[in-house]
Structure formats: structure tokens, C-alpha cells
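Read the structure below first, then the notes.
Numbering starts at 1 and runs along the sequence shown.
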Amino acid sequence: MFLSVFDLFKIGIGPSSSHTMGPMTAARRFLDEILAGDWPRPAGVKVDRIGASLHGSLAYTGIGHGSDRAVILGLAGETPQTVDPDEADGIVAHIGAEKRISPPGHPSYRFDPAKDLVLDRKTPLTGHANGMAFYAYDASDRLLLKRIYYSIGGGFVVSEEELQRMKAKGSVTTEGKKVPYPFKNAVEMLAMAAKSGLSIAEMKRANEEKHMSREELDTGLDAIWSAMKGCIDRGLSQDGVMPGGLKVRRRARQLHDKLQEQWQQNRPNPLLANDWLSIYAMAVNEENAAGGRVVTAPTNGAAGTLPAVLRYWLHFHPEADQPSIRDFLLTAAAVGGIIKSNASISGAEVGCQGEVGSASAMAAAGLCAVMGGTPEQVENAAEIALEHHLGMTCDPVGGLVQVPCIERNALGAVKAVTAASLAIKGDGTHFVPLDAAIETMRQTGLDMSEKYKETSLGGLAVNVVEC
């Protein structure tokens, strides 16, 4: 059972890994299927027009999350990893005016976003709340090819067939990769650590290096942190109103400037660490809300929590260095893989407990590890952080990843640091196992009303508007 660190930490654009990165990736996959030609069609008939429909959560909050924009960009041949956020609006506007797409390697296809991209709130797809369908037609508008994809959280996209295979296996992990430490839950992870004498980060590194060189792994880890740090820095340098219509102003830069003044005055402030944590997290999620480049950690909606805790580690702990950054990310990825494999990181499946809750658990584990925590203490830190996010709903106001998402990431970071601090002061013995907290999150998600799963049909999403 193996999920790579690079499966969990993906570099892409905001505002949502499920609603932005996923649909863009799905659109590209559909283009690849058209080009491959591994599907039946009449001799000599060519694809002339493309269509797409978004369903479930993608339909309800797709506009606010930029899902429609993401599909258009994907059909234009863009990818989440390489698209220039500054060029994206121009690409979308050009396609809207021309009513055609011309992806690299393809002929030009008819595609009018106003008619060929439908947000269908009436027809849910049964596989997952984040479903989408793509269609290819000939010049007579006869349907030649239809494919259904699901965006299952963290930028992961699966076809209908792949989703059924995953459900049959009871796992969402990467298949076919053998590793020396194949733990599928926290109990196995701790048993392997005890038997091997290795830390969680060392076991995760050994698993990764089974499929890549140490240099490749370290280069990739450094690139992840560089992207996270760059996102924090950009967020701290920007101000103004975020897009989407709620008229929510960026606050991270102003708050950062005030903290800098206090820092220079050297006045006692017992809340200083929490303030820095919050500002770092808000900077990332304000940048995400504006469609900037972020790293799924494990999702875009929860992208600020883990980078904030890692930046806190570098800011307040003089022993922090580059190897500790890598260990932090590897440990966090190990915990994130267990959560994703046994529950979910998708707000559309289990609410925000699966997004910010998972991010807080991953960050707590990473921080505890680099502070010298044993594997048992690391597992305890992750459990504390996750337990105290259980039941958290996903209720974005206006379908935008702004309220309550930005501040929620800040509080997730504060909880992560507190959890790590509590765990490292103990001996690793605790009452609730991490696996029990993960299973509780899964069950809670199953019981949770769809109104509170990223649809903006309940919670703050309706009550703030009514006030």
C-alpha cells in the first residue's frame, strides 16, 4: 500500500484541488483519450465538437470554485502544474469569444462555453459527489464518445472504471508499487518503526527511494517547500479585494506589517507564535482564493495549514534546517497517506474534517517529528489534531474558498502546533488511537448531510447570506 509524497503534495493553481485542479486534469485526460483513438467510431468520422457537464458539488459550487474556468483551461491543453495564473483569464476569454478550442496536438474543435459547458444540479453522478462528464460529437452533433470522471480530493482524478476498482479493493492508494515498509494504517506503521528502529520519515524515505533516487526525492521535496514558501511570500505581499463577489479583503499583508513592528520593538507577546502561524496560513489561502499557485497539503482548501506550521518551525526553532524540512514533509505525507487510504481528504465526501482536519493532523505529525518526537509521539500528535476537527462541515459562503476557509486554515495550524506540543511532552501513550479517529471521521462523513459537504446548501453558506 503506497501513496507517494508527490501524490499528496501537488503544485497547481487555486482555488480548489477538487474543483479546479481535478476538472482541469480530467479535461486533459479526455483530450488524451480522443487522441489515442482507443474507442469505437464509424470509419472516417472525426470529432468536431466537445461538450462537458459538471454534477453534484461541482455543479453547486463550480462557479465560486472556478470549476468552469478549469475545464476550459484543461480543454485548451493546460495543466494545473504548468498553467500561468496570470494568463488563465486571457485564455478563457479568447475561447469564449472564438467558441473553439485548439489544444496542442489536436485539430480545432467547436466548443462554446456558454452552451457546451453545463452545470447540472439536477442529475448527480452516482460514483462521487464531484462528478463530471465529457462528450465528443461529430460534425452532425452525433455523440461519438462519452467519459465520466470523478475528482476525489487533493487533485486526484479517476475514471468511472477506476473508481469501481478502487471501491472493490477498499483502497485509494497507488497500485503496483512494492515498498519495504508497506503500512496501511497507524498500527502497522508503529509496529514497523519499532521493528526496524527507523523513524516514520526514514521509513517513508525508504519507500520513496524504492522508485526514485535520493537526489530526485530531495530535489522534489525542496521544490514542494519552495512552492509553499513562495505562496506564503506572495500572499504577504498582496492586498485588495479577493475575486468572487463577496468583497472579502485580504488581511495577511496588513497583519504581517503590524507583527513586524511588534517584533522589532521586542515587546513581550505571549500570543506571538499563534499570530505568526495564523498570518502564514491566511497568506496561503488568500493566494489560493485568488487563483494563485499553491501546493495541495493535502488539498487546496486546506493548503495553508501545513506550510504555516513548517514556516513556524523555521521561524521559531533555531535548530531547523533543510534536512528537517524534508523529514517534516515525509512524516506528514506518511500520515496523510493513511488518512486518504482509510477515510477521505475530500470536503465533498466527509466535510472539512477531511480537509483542514487532515492537514492539521499531517502538520502536527511533521512538527512533532522534527522536534524529536518518537513514532508513538508523532502518531499521538496526529490523533490529537484530527480528533478535534471531527464533525467539521464544509460550508463555503457563496461557494468560494474564502469564508470560513481562510481563517479555518489558521486555526488548523494553531491546533497542529498545540497537538505536537502536547504529544511531545508525553511518552506516546494515549487513549484514542489515530486509526480510531480516522475511522470515526469516515463514519461521520457517511452520516453527514449533503448540505454540509461543499454544496453551500447549509451552515454558514446560507446563514451568513440571510443575516
Side-chain angles (χ1 to χ4, degrees), residues 5 8-17 20-21 80-81 85-86 220-240 242 248-263 271-317 320-322 324-329 332-333 336 355-356 359-360 362-364 366-367 370 401-402 405-417 420:
V5 63
L8 288 161
F9 298 120
K10 299 186 183 77
I11 301 172
I13 64 168
S16 170
S17 48
T20 306
M21 293 172 63
Q81 297 80 14
D86 295 330
L221 292 171
D222 293 346
I224 289 170
W225 170 239
S226 178
M228 288 178 171
K229 181 178 180 297
C231 188
I232 293 174
D233 292 340
R234 287 194 307 275
L236 294 177
S237 68
Q238 303 295 318
D239 51 25
M242 287 176 285
V248 176
R249 297 193 66 85
R250 289 183 184 242
R251 291 181 289 161
R253 177 176 179 176
Q254 182 182 11
L255 294 172
H256 175 261
D257 292 344
K258 288 182 179 179
L259 271 188
Q260 286 281 45
E261 292 176 9
Q262 294 176 9
W263 184 269
L271 295 177
L272 191 62
N274 282 354
D275 290 343
W276 281 108
L277 270 170
S278 299
I279 289 167
Y280 291 148
M282 290 170 65
V284 172
N285 284 87
E286 287 176 357
E287 191 66 18
N288 177 61
R293 191 172 302 282
V294 299
V295 180
T296 61
T299 67
N300 281 25
T305 296
L306 190 146
V309 175
L310 188 44
R311 183 74 169 256
Y312 156 88
W313 162 249
L314 295 169
H315 189 151
F316 287 97
H317 292 260
D321 56 14
Q322 196 68 21
S324 69
I325 295 173
R326 297 166 185 161
D327 286 345
F328 186 112
L329 293 172
E355 296 204 33
V356 173
S360 186
M362 292 166 64
L367 180 61
V370 296
V401 192
Q402 297 178 15
C405 315
I406 294 171
E407 288 181 354
R408 190 168 282 176
N409 273 259
L411 273 293
V414 171
K415 286 184 183 181
V417 171

So CE of M228 and CG of L306: to nearest 0.5 Å the spacing works out to 5.0 Å
The side chain to side chain contact (heavy atoms under 4.5 Å, CB included) partner of M21 among P80, P15, S16 is P80
Going by distance alone, is a donor N or O of one side chain under 3.5 Å from an acceptor N or O of the other, for Q254 and D239? no
Using a strict 4.0 Å threshold on nitrogen-to-oxygen distance, state whether R249 and E286 make a salt bridge. no
Centroid separation under 6.0 Å, is that true for the rings of H256 and Y280? no
Would you call R250 and E287 a salt bridge, taking side-chain N to carboxylate O under 4.0 Å as the test? yes
Yes or no on side-chain contact (heavy atoms from CB on, under 4.5 Å) for K10 and I224, after CA distance, side-chain angles and deciding distance? CA-CA 8 Å; K10 299 186 183 77; I224 289 170; over 6 Å; no
Would you say S324 and D321 are linked by a side-chain donor-acceptor pair, where the criterion is simply a distance under 3.5 Å? yes
Taking N288 for its side chain and V401 for its backbone only, find out whether a donor-acceptor pair lies under 3.5 Å. no
Partner residues of W225 under the ring pair (Phe, Tyr, Trp, His ring centres under 6.0 Å) criterion, sequence neighbours left out: none
Heavy atoms of V284 and P307 approach each other most closely as CG2-CB, 4.4 Å
Testing V370, L8, D222, L221 for side chain to side chain contact (heavy atoms under 4.5 Å, CB included) with L329, which one passes? L221
If you count heavy atoms of other groups shown closer than 6.0 angstrom to CD of Q238, is the number above 12? yes
